[in-house]
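Contents: one structure, followed by commentary.
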Amino acid sequence: AQSVTQLDSQVPVFEEAPVELRCNYSSSVSVYLFWYVQYPNQGLQLLLKYLSGSTLVKGINGFEAEFNKSQTSFHLRKPSVHISDTAEYFCAVRQNTGNQFYFGTGTSLTVIP
Amino acid sequence: ETGVTQSPTHLIKTRGQQVTLRCSSQSGHNTVSWYQQALGQGPQFIFQYYREEENGRGNFPPRFSGLQFPNYSSELNVNALELDDSALYLCASSSGPVDEQYFGPGTRLTVT
């Protein structure tokens, strides 16, 4: 089974400042990587995904993530956050031969005006 | 195009009871996956249904069961409810077992 570690449970950041949300996974096989966002009382929305190719992946709402195979990491970044980015962010992994997603425990991003 | 819908939105049950949660998949999708999200945790995979057959199961006891219908909508049934079953239950539909999953808003189950 895979495990996904999101090192920061809560990240407060001022509006228009940059942010990085960290994600590490444990796997010795090829994986696909995902970041989802969850707003209060809502389901998950896909921000971006890495399947293959360029290790820098751009997603919606100005977010991007970089896949680092040697460090088994897939950190999420945004150069300038907005109040509307306040939400819970989940990193997820799926083996490229499997159908099961493994999620981290989430990082709560709070953007301070 | 209609997205993934789930019903009911909220549900309160008593320990020992049984519950059925419903999910309508997105148009054109033949696969539904169910997840349990406990408070403060990430979603955990319960099982997946593909073309009306179970296609993979996470670490959940047999009292968690499911169905998928010919129109690809799905049900999650939980028998003998326990307090720890209190959670947000999410379903996700996809155009295939390993394709991108689109999540519904969830059903929040409270067991008292």
Side-chain angles (χ1 to χ4, degrees), chain A residues 1-11 21-26 29-52 57 59-60 74 76 87-110, chain B residues 2-10 21 23-26 29-51 53-60 68 87-110:
Chain A
Q2 301 286 329
S3 71
V4 179
T5 302
Q6 292 184 243
L7 297 167
D8 307 298
S9 60
Q10 296 184 350
V11 173
L21 306 184
R22 296 180 292 171
C23 173
N24 288 86
Y25 64 94
S26 66
V29 299
S30 295
V31 295
Y32 296 149
L33 297 153
F34 305 80
W35 275 99
Y36 286 86
V37 61
Q38 186 176 36
Y39 298 102
N41 300 315
Q42 293 188 26
L44 304 176
Q45 180 183 4
L46 181 67
L47 276 177
L48 49 79
K49 59 186 176 184
Y50 171 78
L51 303 181
S52 65
V57 180
I60 63 172
F74 191 55
L76 181 71
E88 192 82 16
Y89 291 80
F90 292 95
C91 179
V93 167
R94 179 170 67 78
Q95 286 183 240
N96 63 0
T97 56
N99 64 349
Q100 182 171 344
F101 279 72
Y102 297 86
F103 284 85
T105 52
T107 296
S108 177
L109 174 65
T110 301
Chain B
T2 306
V4 180
T5 60
Q6 293 185 244
S7 62
T9 306
H10 296 88
L21 310 182
C23 172
S24 291
S25 58
Q26 189 167 309
H29 288 181
N30 58 21
T31 304
V32 172
S33 303
W34 285 93
Y35 294 84
Q36 180 194 66
Q37 186 180 12
L39 197 61
Q41 300 295 316
Q44 289 195 48
F45 177 72
I46 302 175
F47 44 56
Q48 182 185 81
Y49 277 82
Y50 170 57
R51 293 184 175 178
E53 298 286 333
E54 187 177 291
N55 184 45
R57 187 180 184 93
N59 189 27
F60 280 82
Q68 188 177 33
L88 180 68
Y89 288 84
L90 296 165
C91 86
S93 77
S94 53
S95 54
V98 296
D99 293 321
E100 182 174 329
Q101 297 188 355
Y102 294 82
F103 284 81
T107 293
R108 184 161 298 282
L109 172 65
T110 302

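Just so it is clear: chains get the letters A, B, ... in the order the sequence lines come, proteins before strands, and each one is counted from 1. A quick note: this is a predicted structure, and the numbers were derived from the prediction, not measured.
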- So what's closer than 4.5 Å to chain B heavy atoms on A:L44: side chain, backbone, both or neither? both
- Task: Can you tell which part of B:Q6 gets under 4.5 Å to a heavy atom of chain A, answering side chain, backbone, both or neither?
- Result: neither
- Examine whether an atom of A:F90 lies under 4.5 Å from a heavy atom of chain B, and if so say whether it belongs to the side chain, the backbone or both; otherwise answer neither. side chain
- Item | Any donor-acceptor N or O pair under 3.5 Å, side chains B:E54, B:Q68 | no
- What option among B:V98, B:N55, B:L88 has the most heavy-atom pairs under 4.5 Å with chain A? B:V98
- Checking side-chain hydrogen bond (donor to acceptor under 3.5 Å, both in side chains) against B:Y35, which of B:Q101, B:Q44, B:Q48 comes through? B:Q101
- Message: Please verify the inter-ring angle class for A:Y36 with A:F101; under 30° counts as parallel, over 60° as perpendicular, anything in between as tilted.
- Response: perpendicular
- Task: Counting only heavy atoms closer than 4.5 Å, note whether A:Q6 contacts chain B via side chain, backbone, both or neither.
- Result: neither
- With sequence neighbours left out, what residues match B:D99 under salt bridge (Lys or Arg N to Asp or Glu O under 4.0 Å)? none
- Task: Kindly say whether B:Y102 contributes a backbone atom to a donor-acceptor pair with the side chain of A:Q45 at under 3.5 angstrom?
- Result: no
- Query: B:N59 versus chain A, heavy atoms under 4.5 Å apart: side chain, backbone, both or neither?
  - Reply: neither
